[in-house]
Amino acid sequence: METTNILGCAFVNSLDSHLPHQGDADRLVPSPPVFWQDFAASLLQTLFMEQAMHTDTILVMQTRFSRDETELSWRLLFVQDHESLVSLARELNAT
C-alpha cells in the first residue's frame, strides 16, 4: 500500500504539474490508495466495465519495477474512473 501511495502521488503530482490552473481549487489531489486482491481478470473487468458504461475509450498506465537492471515481477496499473477521465480530458482540451 505504501509503494502504491508513493507512486500514485508521484503520478498525480506529475500530471497536475502539466495542467493549467486557475487557483488551488482546481488542482489534482490524490486519494488514499485502495488495495484489491482477486483474480487479475476479475479486477480488470470490474475497473474497465465502469468506464465502458460511459465510453469505448479507456486510459491505463502501467509501471514496471526493476532492481539492478533485473525486472521484478511486479506490475502497477493506474486506471482512472469516468469522472476523472472527463475532468482530465476537459483540462487537456483547454490547453
- request: Report yes if some heavy atom in the side chain of N5 is under 4.5 Å from a heavy atom in the side chain of E2; otherwise report no.
  value: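 With C-beta onward as the side chain, the pair touches.
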
query: Would you say N13 and S17 make side-chain contact, with heavy atoms under 4.5 Å?
result: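 No, every pair of side-chain atoms sits at 4.5 Å or beyond.
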
task: Grab the two heavy atoms, one from E50 and one from H54, that are nearest each other, plus how far apart they are.
output: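 The answer is O-CD2, 3.2 Å.
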
Hey, quick one: are [X] and [Y] part of the same hydrophobic cluster, counting side-chain heavy atoms closer than 4.5 Å, chains of contacts allowed?
X: F39; Y: L47; result: no
X: F48; Y: L43; result: yes
X: F65; Y: F11; result: yes

message: Donor-acceptor pair, distance only, cut-off 3.5 Å: does the side chain of T46 make one with the backbone of S42?
response: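 Indeed, once roles are kept as given, a pair shorter than 3.5 Å links the two residues.
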
field: From M49 atom CE to L44 atom CG, the distance as rounded to the nearest 0.5 Å
entry: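 These two atoms lie 13.0 Å from each other.
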
